[in-house]
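Nothing fancy with the numbering, it's 1 onward along the sequence.
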Amino acid sequence: HNKQHDGPLHVFHFGDSQIEGDRITHTLRDAWQARWGGYGMGYLAPKPLVAPASIRQSTSPGWNRHARFGRRDTTIQHKRFGLLASFASHESSTEAEGEPWIRLEPNQRARLAEQQVHSVKMLFGRTDSNARMSCFVDTTLIGTFLLPADSSGSELTVPITASSGPVVFQSIEFQFEGAVPEVDAIGLMPDSGLVFHNVAMRGSSGTLFRQLDRTQFSRQLQSQDVGMVILQFGGNAVPYIADSAAVERYGQWFASQIRLFQ
């Protein structure tokens, strides 16, 4: 009610597998956007373990998902997992395989607000020089963009429309040329109202945020106008809590995550 800034206000819903597939978040997003305005799906993982119920996500061959939660990905030696604590990387491809791509399409159950977008905001991790990305909406080329070579604060906003208000899309596709970056997140953003992000972390107890690269996580979070952070965790910690001392330890660990966000 007291928002003072232009542009959308962001709500981040972090949780464990209970919110996979946009479960729970979808209900909140629907009700809150009906009350305060806004549209779009917010940030999506480029290669999710479970895609949201309203969006079909597909990739060309060669993309791999890396996550900091659940069973740790030991192939990754750095801590730059990004705002969603997971990212996608692409293996070196041959010319015959063509350019790598990522595609988003609304499915039949998507409500109108989930098929709308004003701009796309991409967050990147490690990005080598000369990396380029082309964005297509319904097969129309929106533009080709040179990606900044930076591993901690690299982001790109692609305007889908020059006017205010949304565009209803049938597909959004990103094609990469040259060096392929680590893609942290793809955000389907409104120009106003609320944007509600679903960040599901299967197997997580919610105590991983301090294990992420602090500089990158802070920059990516602070580049949004954040109105609320919801942390919905605990179920994965229950099997390991045997006494009141374990309860106290978990409470202290979780409190330290809240202080990190603050």
Side-chain angles (χ1 to χ4, degrees), residues 5 7-17 19-20 25 41-49 52 64-89 102 119-128 131 147-157 180-189 194-234 236-237 250-262:
H5 307 289
L9 188 67
H10 295 253
V11 177
F12 282 89
H13 187 188
F14 295 94
D16 53 28
S17 58
I19 68 169
E20 276 185 351
T25 310
M41 291 292 296
Y43 281 122
L44 303 172
K47 191 174 179 64
L49 184 63
N64 296 306
R65 171 182 171 272
H66 310 278
R68 185 59 185 83
F69 50 86
R71 180 174 293 180
R72 184 173 181 178
D73 188 340
T74 56
T75 65
I76 303 302
Q77 300 301 311
H78 61 69
K79 297 181 179 180
R80 299 185 304 274
F81 284 81
L83 189 56
L84 308 187
S86 66
F87 67 89
S89 66
I102 298 173
S119 63
V120 173
K121 187 170 183 179
M122 309 277 287
L123 303 179
F124 300 102
R126 181 188 56 78
T127 307
D128 295 332
L147 306 181
D150 177 22
S151 64
S152 59
S154 183
E155 62 179 48
L156 175 70
T157 298
V180 182
E182 294 175 348
V183 183
D184 292 342
I186 302 171
L188 305 182
M189 302 300 187
L194 286 180
V195 56
F196 213 122
H197 311 279
N198 170 269
V199 189
M201 302 176 175
R202 179 183 292 191
S204 176
S205 61
T207 57
L208 81 162
F209 297 101
R210 287 188 175 275
Q211 301 168 25
L212 303 174
D213 181 272
R214 184 72 55 88
T215 300
Q216 184 196 48
F217 187 71
S218 296
R219 286 183 178 179
Q220 291 187 351
L221 187 65
Q222 292 174 358
S223 70
Q224 336 290 328
D225 185 4
V226 179
M228 180 180 291
V229 173
I230 301 171
L231 302 176
Q232 184 176 341
F233 295 97
N236 291 307
Y250 179 68
Q252 291 174 353
W253 293 336
F254 203 83
S256 73
Q257 311 302 310
I258 295 174
R259 288 194 296 271
L260 176 66
F261 278 98
Q262 292 172 334

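Between Leu9 and Asp225, the shortest heavy-atom contact is CD1-O, 3.4 Å. Scanning all heavy atoms of the two residues, the minimum distance from Ile19 to Asn198 falls at O-ND2, 3.0 Å. The minimum heavy-atom distance linking Phe81 with Asp184 is given by the pair O-OD1, 4.2 Å. The minimum heavy-atom distance linking Ala185 with Tyr43 is given by the pair CB-CD2, 3.6 Å. Nearest heavy-atom pair across Asp16 and Gly234 is OD2-N, 4.2 Å. Shortest non-hydrogen contact noted between Glu155 and Ser223 is OE1-OG, 3.3 Å.
A donor-acceptor pair is defined here as one N or O able to donate and one able to accept, closer than 3.5 Å; no such pair exists between the side chain of Glu20 and the backbone of Ala200. The backbone N or O of Leu208 lies less than 3.5 Å from no partner atom in the side chain of Arg68, so there is not a single donor-acceptor pair. In this structure a side-chain-to-backbone donor-acceptor pair under 3.5 Å is missing from Gln224 to His10. Not one N or O on the side chain of Thr127 forms a donor-acceptor pair closer than 3.5 Å with the backbone of Pro181. Judged purely by atom type and a 3.5 angstrom limit, Gln216 uses its side chain to pair as donor or acceptor with the backbone of Gly82.
In this structure, Lys79 NZ and Thr215 OG1 are separated by 11.5 Å, a value rounded to the nearest 0.5 Å. The structure places CH2 of Trp253 at 15.0 Å from CD1 of Ile258, a figure rounded to the nearest 0.5 Å. Between Ser17 atom OG and Asn236 atom CG the span is 6.0 Å, to the nearest 0.5 Å. How far NE2 of His13 is from CD of Gln232: 4.0 Å, rounded to the nearest 0.5 Å. Ser86 OG to Arg202 CZ: the interatomic distance, rounded to the nearest 0.5 Å, is 12.5 Å. One distance of note links OG1 of Thr157 with CE of Met122; it measures 10.5 Å at 0.5 Å rounding.
Taking the side chain as every heavy atom from C-beta outward, Asp213 and His78 never approach each other to under 4.5 Å. Between Arg210 and Arg259 there is a side-chain heavy-atom pair separated by less than 4.5 Å. A heavy-atom distance below 4.5 Å is found between the side chains of Phe217 and Leu83. Inter-residue side-chain proximity for Lys47 and Val183 is flagged as unmet; no heavy-atom pair is nearer than 4.5 Å.
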Checklist line | Criterion side chain to side chain contact (heavy atoms under 4.5 Å, CB included) on Leu84 and His197, from CA distance to verdict | finding: CA-CA 10 Å; Leu84 308 187; His197 311 279; 6.0 Å; no
Next item on the list: Could you check Leu123 against Phe87 for side chain to side chain contact (heavy atoms under 4.5 Å, CB included), going step by step and ending with a plain yes or no?
Entry: CA-CA 10 Å; Leu123 303 179; Phe87 67 89; over 6 Å; no
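Taking the six-membered ring for Trp, Phe69 and Phe233 have ring centres at least 6.0 Å apart. A ring-centre distance under 6.0 Å is found for Phe209 and Phe14.
Screening Leu221, Ile230, Thr25 for a side chain to side chain contact (heavy atoms under 4.5 Å, CB included) with Phe12, the sole residue that qualifies is Leu221.
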